[in-house]
There are 2 protein chains.
Amino acid sequence: MLRTKGTGSQMTASTPRRQPTLDEVAERAGVSRSAASRVINKAPHVSRATRDAVERAIKEMGYLPNRTARALATRQTGIVALAVSHDDPQLFADPFFAQVIVGVSAALEETDLHLLLCLASSGRGRFRLTNLLRTRGVDGLMLMPLHGDDPLTRLVAQAGVPVVYGGRPWHVQPQWYVDSDNVGGARLATEYLAGLGRTRIAAITGQMSTDVGEARYRGYREAMIIAGLTPHGTAEGDFTEAGGAAAMRSLLASHPDLDAVFAASDKMAAGALRVLTNSGRSVPADVAVVGFDDVGIAEHTAPPLTTIHQSIQALGKEMARMLIAVIGGEEPTSLILPTRLVRRESA
Amino acid sequence: MLRTKGTGSQMTASTPRRQPTLDEVAERAGVSRSAASRVINKAPHVSRATRDAVERAIKEMGYLPNRTARALATRQTGIVALAVSHDDPQLFADPFFAQVIVGVSAALEETDLHLLLCLASSGRGRFRLTNLLRTRGVDGLMLMPLHGDDPLTRLVAQAGVPVVYGGRPWHVQPQWYVDSDNVGGARLATEYLAGLGRTRIAAITGQMSTDVGEARYRGYREAMIIAGLTPHGTAEGDFTEAGGAAAMRSLLASHPDLDAVFAASDKMAAGALRVLTNSGRSVPADVAVVGFDDVGIAEHTAPPLTTIHQSIQALGKEMARMLIAVIGGEEPTSLILPTRLVRRESA
DNA sequence: GCTGAGACTGGAAGCGCTTCCAGAATGTCG
DNA sequence: CGACATTCTGGAAGCGCTTCCAGTCTCAGC
């Protein structure tokens, strides 16, 4: 590892002039500290003269209120956390999270809340998070539970700060959440396959011990029933490409005559696509495939994947908005965001 | 948009019992607040008896020190910020950032610092960031300057908190930075192409108004000179796939006989690959291509891309470590992280 | 001119913690 | 056993802000 000596030429921090305090501002303006505080907080009962004097002093001194002191007095930190929980920190690299963050940031940008990011993968990470909550380090939490029964959901329940869920933990109905319409999306996908005239439609599900795995499978079943079809093979994957491939292989073994596959995620669909192609089947001629998510790879598979689109960015944005509302003392209702079918070439 | 009423059944926050304060702990332990504080901070001059009493009280009451109060007293927030600056917030979705974040998080996990994420794209975002710094909202900043002359570098210089750069801003040598060895990597790539016996090696550069664009081009030139070759066409791209394609087209027009291309990013290489294939040339038989970055797409191009690997995660980790050191009063030296060639099929 | 309702103001008491300091307690040694 | 160095201790003064409250001031209305 090369080491180069920083020169600090032009970029050394300039004189670390202590920031002026409210007292100093008040003194300069010739008023009391309380008066100055009122001006800053745009509180009522401030005379024109006082306001002007304080505002001039503020401008002249370049005053900015100290965040921490304000936080202590108001018991509001002005910070909300987004926690992502998964055993494999590497999984955070999924573009999914970037989208969530972009959405959350967009919503926060309009407020003066800042975003703290917690990758609570390890036990240590979870510990840090719960500590953060109990020590009143943040005003609220957005949580993305990825496991079926994430231990975090329990830890967080008694944290004393509002928690908004992105997606739902398994078999639990949080007070506040925003989720994609997984059931509806899966139904859409299946209906579409049925509408294409396919009758032997198999499903590759996600883990059935997660809410999204279960919900997407439910949507598939419901649509099959409505279409008057019977499920033609089901294999459980794990939302990964490898898992999708394995599921597809077992499906081909048990139902070699299938003519369509609904995969509960694009990654699994991508794996399935590979296996189908390798087995000599052509997609979509022999077998039509529809995925779910439309984030990242769907456009880049061969052939490009017809899939169910969900706006992850919108999900992030709504989570943040909901949290802001809760913090503000409102009682927002939870949200289910719509999904839509995106036609490409695999079906 | 469907709306469902949250039931809050099992997940309502339990009694929001006020957290005990240090005073209460001290009282319960029968000692003064100062004594209790000393125990908590593992300060010297605490008798065994006092320590035991306080620790028991802490355990019994489930005491955890209030972060904000502590921050006010110590003037340390325990929070560091990672700021990403780019006009297009969408660009944050690049897996690059996820890697940085994973690296940073890994380093922070061992401390009790938390990570604040700032997407300072808009003017508003920049304003929020500078405000955060001046209001003493964070103890330090990690900055990824993406433009050539990002306005942020200036704003941040007088912020009064330590700043560590990831990559270097253009034509400025920050006091603390960690960067990939862009020159060395580009040299590696070019040497490799020359070693393959290619002699008519063109370059697709990034914006020459960025440090990385310039550095990678410099590496290419240096290697060419050392190999006794003369640059065989240079076109400036913008690090995007489309830009790479355009550059490749202009290169083919001016130097139709080129037999190798060094592209200063994988995305540009991907674009170039497409153009080359469409022009009827085969890669690597007719034209060998080497990219740079090895994050995201390099494995998925056709053919898979030989490229220069840089560990973005390591970069994030080192940035965080460096910032921690600076905050701790040390004077770390800046770092340049090594790169290495990854052979795939395009060269 | 007097009254009472507002509008305004500054003093003071927090928010919950750290840290300095003077003094009390303990121990050591000749 | 006294002198002195150590170790401990609690009181008090912050950190920089908000907010309650009891006053002061202004002014319409009678």
Side-chain angles (χ1 to χ4, degrees), chain A residues 17-55 57-58 61-79 112 131-132 134-139 160, chain B residues 17-55 57-58 61-79 112 131-132 134-139 160:
Chain A
R17 271 255 311 99
R18 209 173 55 51
Q19 289 280 344
T21 71
L22 186 56
D23 277 303
E24 293 163 9
V25 168
E27 182 175 342
R28 172 136 186 176
V31 302
S32 76
R33 179 187 3 183
S34 353
S37 176
R38 267 178 236 122
V39 171
I40 289 169
N41 296 305
K42 305 198 191 313
H45 306 313
V46 177
S47 71
R48 184 60 201 266
T50 301
R51 179 188 327 286
D52 288 350
V54 172
E55 280 174 352
I58 288 178
M61 309 178 73
Y63 170 77
L64 276 179
N66 177 305
R67 244 185 126 75
T68 308
R70 189 173 257 188
L72 183 58
T74 60
R75 295 139 174 282
Q76 292 258 312
T77 62
I79 300 178
D112 39 42
N131 244 24
L132 183 71
R134 302 188 117 100
T135 56
R136 298 268 100 97
V138 296
D139 295 342
Chain B
R17 272 253 312 96
R18 210 174 55 51
Q19 290 280 344
T21 72
L22 185 56
D23 277 303
E24 292 164 10
V25 169
E27 181 175 343
R28 172 138 188 174
V31 301
S32 76
R33 177 187 11 188
S34 352
S37 175
R38 268 179 235 121
V39 171
I40 288 169
N41 295 305
K42 305 197 190 313
H45 305 313
V46 177
S47 70
R48 185 61 201 265
T50 302
R51 180 188 325 287
D52 288 350
V54 172
E55 280 173 352
I58 288 177
M61 309 178 74
Y63 170 77
L64 276 178
N66 177 305
R67 245 186 127 73
T68 307
R70 188 173 255 188
L72 183 58
T74 61
R75 295 140 173 283
Q76 293 257 311
T77 62
I79 300 177
D112 39 42
N131 244 25
L132 183 69
R134 302 189 118 101
T135 55
R136 299 267 99 96
V138 296
D139 295 342

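Each chain gets a letter, A, B and so on, in the order the sequences are listed, and its residues count up from 1.
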DNA chain D: 5'-proximal contact among T74(B) and R51(B) (nearest heavy atom) =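 Nearer the 5' end of the strand: R51(B).
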
From [options], nucleotide with atom closest to [X] side chain:
| X | options | result |
| --- | --- | --- |
| R75(A) | dG16(D), dG16(C), dT9(C) | dG16(C) |
| N66(B) | dT9(D), dC15(C), dC17(C) | dC17(C) |
| L72(B) | dG16(C), dG10(C), dT7(D) | dG16(C) |
| T21(A) | dT18(C), dT9(D), dG16(D) | dG16(D) |

Just N and O in the side chain of [X]: are any of them under 4.0 Å from OP1 or OP2 of [N]?
| X | N | answer |
| --- | --- | --- |
| R136(B) | dC15(D) | no |
| R70(B) | dG16(C) | no |
| S34(B) | dT19(C) | no |
| R33(A) | dT19(D) | no |
| T68(B) | dC15(C) | no |
| S32(B) | dT9(D) | no |
| S47(A) | dT9(C) | yes |
| N41(B) | dT18(C) | yes |

Give a yes or no answer on whether the side chain of R134(B) reaches the backbone of G160(B) with a donor-acceptor pair at less than 3.5 Å.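 Side chain of R134(B) to backbone of G160(B), a donor-acceptor pair under 3.5 Å: no, none is there.
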
At what distance, to the nearest 0.5 angstrom, does CD1 of I40(A) lie from CD of E55(A)?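 Between atom CD1 of I40(A) and atom CD of E55(A) there are 9.5 Å.
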
Expressed as a whole number of angstroms, how long is the span from [X]:[atom1] to [N]:[atom2]?
| X | N | atom1 | atom2 | result |
| --- | --- | --- | --- | --- |
| D23(A) | dA13(D) | CG | C1' | 14 Å |
| M61(A) | dG16(D) | CE | C1' | 14 Å |
| R48(A) | dC25(D) | CZ | P | 23 Å |
| R67(A) | dT18(D) | CZ | C1' | 16 Å |
| I40(A) | dG16(D) | CD1 | C1' | 11 Å |
| Q76(A) | dG16(C) | CD | C1' | 16 Å |
| H45(A) | dT24(D) | NE2 | C1' | 14 Å |
| L22(A) | dC15(D) | CG | C1' | 13 Å |

Nearest heavy-atom pair of G137(B) and R67(A): which atoms, and what distance?
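For G137(B) and R67(A), the tightest heavy-atom pair comes out as CA-CD, 3.6 Å.
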
_Distance-minimising heavy-atom pair for V25(B) and I58(B)_ =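 Closest approach of V25(B) to I58(B), heavy atoms only: CG1-CG1, 3.9 Å.
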
Quick one: do R70(B) and N41(B) satisfy side chain to side chain donor-acceptor pair (under 3.5 Å)? Show the steps, please. CA-CA 11 Å; R70(B) 188 173 255 188; N41(B) 295 305; 3.2 Å; yes

request  = Could you tell me whether the side chain of R38(B) has a donor or acceptor atom within less than 3.5 Å of a complementary atom in the base of dG10(D)?
outcome  =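 Side chain to base: pair found, below 3.5 Å.
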
Original post:
Does the side chain of I79(A) come within less than 4.5 Å of I79(B)'s, by heavy atoms?
Top reply: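 The answer is yes, as the side chains (C-beta and beyond) meet within the 4.5 Å cut-off.
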
